[in-house]
Participant: 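Below is a structure I'd like to ask you about.
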Amino acid sequence: MIRYKVLLVVLLIFDCCKAQDLSTFEYAKEGLFNPSPSVILVAAHRGMHVNYPENSIPAIQDAIDHHIDIVEIDVQITKDGIPILMHDQTIDRMTTGTGKIRKLTYAEICEFNLVDNQGNETPFSVPSLAEVLMLSKDKILLDLDLKLNTRNLKKVLDVIKEQEAVNSVVFYESRHHVMRKINKYLPSAMRMTKVSMNRRAIKRAMLDVDPDIVHLGNSERDRNPALIKKVQQYYKKPVFANALGKLDKAAEQNPDTLEYFLNKGINIIQTDRPDIVLEYLIARERHLRF
């Protein structure tokens, strides 16, 4: 009996050391391919944009430096067919310039600087997707929120191929026909789609596109623990949920409000405060400290 206990302790120490040898990137990939209730991943919404402009190179670098698992970024296409990072259809809110992205060339957009959350000009410019992939591949997972017409999809896929970064991206797309196109061109790429949490909708999504990750809606109905468990146990898929808005604000005042996600059985939390969420998960032993 004593020998058995000693062996068990040795195995636990070995497993712990093996986990500590993982990079942040490998840890995140393991958490997606082999989801476990003991590990919750963190996705930084538009990067770490408390101190830097959203969807910017420094916001992504800050996420890498903080050992965040995933960075969500928004991808659009310029007039001359260059995939760039920008949430809005215009550059008005986030830069010192104005105009619709689809009517501006990338060179024209780069004449302007990004602004921060308070509207103050920064020295940073709008990054291309190629720049971001060069910075982040094999360091952090990129959740690509595609805000573009289907006819421009191949331009994004081509850039990912050119940068040899298929291993580092997750495509988020609610349109099933777009998901099928992604799977055709980049069959090894991870895909995430939003699913209404009822059994019929879940089954339809699995048969139609078989996503690697299920994105939950923001309503309590869409976060039904019984259906979440079905997705995880029957379909073997991790589930992704937003803390954006009220939940993020509440966590700033009291991180214990994040217990909500643990009780629901969520695998990935997307947040505007990834620093707070990550520290909470580490303290609750739901994430390694790197």
Side-chain angles (χ1 to χ4, degrees), residues 28-29 31-46 69-76 87 141-153 156-157 166 169-248 258-272 277 286:
K29 292 293 287 279
L32 294 182
F33 286 122
N34 297 296
S36 162
S38 63
V39 175
I40 300 176
L41 303 179
V42 181
H45 183 235
R46 305 181 197 171
D69 305 294
I70 303 167
V71 168
E72 185 268 354
I73 56 175
D74 303 290
V75 181
Q76 302 210 46
H87 177 270
L141 280 167
L142 295 176
D143 166 16
L144 307 184
D145 191 346
L146 302 176
K147 299 187 179 299
L148 43 85
N149 293 322
T150 310
R151 65 177 180 272
N152 287 319
L153 176 63
V156 173
L157 303 181
V166 178
V169 300
V170 176
F171 289 94
Y172 171 55
E173 181 49 76
S174 295
R175 297 168 293 180
H176 286 188
H177 70 282
V178 178
M179 295 289 277
R180 288 192 293 270
K181 284 181 179 291
I182 293 168
N183 192 47
K184 179 181 177 181
Y185 286 109
L186 293 178
S188 62
M190 297 189 75
R191 296 162 299 126
M192 173 169 63
T193 196
K194 186 174 282 188
V195 176
S196 296
M197 291 302 280
N198 63 71
R199 284 176 172 79
R200 182 176 294 179
I202 294 168
K203 186 176 181 180
R204 187 186 308 120
M206 295 304 162
L207 290 172
D208 204 13
V209 295
D210 190 25
D212 299 284
I213 306 166
V214 170
H215 191 306
L216 305 179
N218 295 332
S219 71
E220 285 303 302
R221 177 173 165 242
D222 284 334
R223 297 180 178 189
N224 181 311
L227 291 178
I228 288 172
K229 188 171 287 189
K230 179 180 176 65
V231 169
Q232 294 166 328
Q233 295 184 350
Y234 184 78
Y235 293 107
K236 309 298 183 187
K237 310 291 184 183
V239 295
F240 179 110
N242 288 326
L244 310 175
K246 290 182 179 179
L247 289 169
D248 266 341
L258 294 167
E259 182 76 15
Y260 167 89
F261 293 99
L262 277 63
N263 292 336
K264 295 286 185 183
I266 305 301
N267 300 106
I268 309 131
I269 302 172
Q270 177 170 244
T271 171
D272 283 322
V277 175
R286 295 301 188 94

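Everything quoted here is computed from the prediction, not taken from an experiment.
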Participant: Determine the sole option in Ile269, Val170, Asp143 for which the side-chain contact (heavy atoms from CB on, under 4.5 Å) test with Phe240 is passed.
Facilitator: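 Going through the options one by one, the only one that passes is Asp143.
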
Participant: Tell me, please, which residues at least two apart from Lys236 pass salt bridge (charged side-chain N to carboxylate O under 4.0 Å, His left out).
Facilitator: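 Residues passing salt bridge (charged side-chain N to carboxylate O under 4.0 Å, His left out) with Lys236: none at all.
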
Participant: What residues form a side chain to side chain donor-acceptor pair (under 3.5 Å) with Asn198, not counting sequence neighbours?
Facilitator: none

Participant: State which residues pass side-chain contact (heavy atoms from CB on, under 4.5 Å) with Phe33; sequence neighbours excluded, sorted by chain then number.
Facilitator: Lys29, Met190

Participant: Which residues pass the side-chain contact (heavy atoms from CB on, under 4.5 Å) test with Arg175, sequence neighbours left out?
Facilitator: Thr150, Glu173, His177, Val178

Participant: Would you say that more than 12 heavy atoms from the other residues, nucleotides or ligands in this model lie under 6.0 Å from the NZ of Lys147, or not?
Facilitator: yes

Participant: Can you name the residues that form a side chain to side chain donor-acceptor pair (under 3.5 Å) with Gln270, not counting sequence neighbours?
Facilitator: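 Only Asn242 meet the side chain to side chain donor-acceptor pair (under 3.5 Å) criterion with Gln270.
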
Participant: Could you pull out all residues at least two apart from Ser196 that satisfy side chain to side chain donor-acceptor pair (under 3.5 Å)?
Facilitator: none

Participant: If you define the side chain from C-beta out and look only at heavy atoms, does anything of Met179 sit under 4.5 Å from Thr193?
Facilitator: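 When only atoms from C-beta onward are counted, Thr193 and Met179 do touch, with a gap below 4.5 Å.
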
Participant: So which pairs with a foot in residues 180-210 pass ring pair (Phe, Tyr, Trp, His ring centres under 6.0 Å), sequence neighbours left out?
Facilitator: none

Participant: Write out all pairs satisfying salt bridge (charged side-chain N to carboxylate O under 4.0 Å, His left out) with one or both partners inside residues 258-268, taking only residues at least two apart or from two chains.
Facilitator: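 Non-adjacent pairs meeting salt bridge (charged side-chain N to carboxylate O under 4.0 Å, His left out): Glu220-Lys264, Glu259-Arg284.
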
Participant: List in chain and number order the residues that pass side-chain contact (heavy atoms from CB on, under 4.5 Å) with Arg199, two or more places apart in sequence or in another chain; answer none if no residue qualifies.
Facilitator: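 Checked Arg199 against side-chain contact (heavy atoms from CB on, under 4.5 Å); matches are Leu227, Lys230.
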
Participant: Would you please name every residue forming a side-chain contact (heavy atoms from CB on, under 4.5 Å) with Ser219, sequence neighbours left out?
Facilitator: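 For Ser219 the side-chain contact (heavy atoms from CB on, under 4.5 Å) partners, ignoring immediate neighbours, are Arg221, Asp222.
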
Participant: Would you tabulate the side-chain donor-acceptor contacts of residues 209-217 under 3.5 Å, counting partners in other chains and residues two or more places apart, or write 'none'?
Facilitator:
unit_1: Asp210; atom_1: OD1; unit_2: Lys237; atom_2: NZ; d: 2.9
unit_1: Asp212; atom_1: OD2; unit_2: Arg191; atom_2: N; d: 2.8

Participant: Quick one: are Ile40 and Asn267 in side-chain contact, heavy atoms under 4.5 Å?
Facilitator: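 Answer no - side chains too far apart.
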
Participant: Please name all residues satisfying side chain to side chain donor-acceptor pair (under 3.5 Å) with Asp272, sequence neighbours left out, ordered by chain then number.
Facilitator: His45, His49

